[in-house]
Amino acid sequence: MNDHLRIRCARLSDIDAVLRFWRTAAEGTSISDDHDGMTRLLTRDPESLLLAEEGGELVGTVIAGFDGWRCSAYRLAVDPGHRRQGVATALMDAAQARFRALGGRRIDAMVLEANEPAHHTWAAAGYHREDHWRRWVKPLPVEG
């Protein structure tokens with residue numbers, strides 16, 4: 001474990017840095033990967049986005065969302081130069097602590113099918129794939 005790693009909740013002032021970070025460290029994109037989407041997330045649940053920093057540099061993220069029913073992990077991303085150093089483990093440990101404190105019972109993780117290295121990361125952390133479920137999505141049209 002990296003003794004110099006600091007895990008903290010993101011602030012509104014971190015949004016631009018997180019969006020830049022995801023462009024290099026995260027796989028894929030989300031319809032909510034913009035300033036407005038991030039602002040809504042942090043305004044609704046200020047403790048949901050966890051950041052890992054080393055020496056003041058952003059090296060990892062995870063969104064640890066809880067809607068009162070289900071714990072959801074999104075955007076687990078680690079800077080390519082900091083992978084395999086315990087960053088993802090520290091982020092998920094912090095997410096699990098948050099979920100336990102909120103009364104969560106199970107964590108659902110969104111993992112891209114084509115992101116093979118992530119499959120190994122999640123499996124090593126004790127997660128398993130549930131093939132009998134599929135995610136169904138429908139983008140909402142922008143009004144106005």
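Below, all heavy atoms of this structure are taken into account, side chains as well, without hydrogens, waters or symmetry copies.
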Lys/Arg N to Asp/Glu carboxylate O, Arg75 vs Asp33, below 4.0 Å:
yes
Taking Thr61 as the fixed residue, which of Ile63, Val59, Leu58 is the one that meets the side-chain contact (heavy atoms from CB on, under 4.5 Å) rule?
Leu58
I'd like to know if [Y] and [X] are part of one continuous hydrophobic network [Ile/Leu/Val/Met/Phe/Trp/Tyr, side-chain heavy atoms within less than 4.5 Å].
X: Val62; Y: Leu19; result: no
X: Leu41; Y: Phe66; result: no
X: Leu76; Y: Ile7; result: yes
X: Leu91; Y: Met110; result: no
X: Phe21; Y: Leu42; result: yes

Within this structure, what is the NE2-CD distance for the pair His82 and Glu57, rounded to the nearest 0.5 Å?
5.0 Å
Closest approach of Phe99 to Gly65 (non-hydrogen atoms, all atoms of both residues):
CE2-O, 3.4 Å
Between Arg98 and Glu47, the two heavy atoms sitting closest are NE-O, 3.1 Å
Measuring only between side-chain heavy atoms, which start at C-beta, is Leu50 closer than 4.5 Å to Cys9?
yes
Quick one, Leu49 and Met38 - any side-chain contact, counting heavy atoms below 4.5 Å?
yes
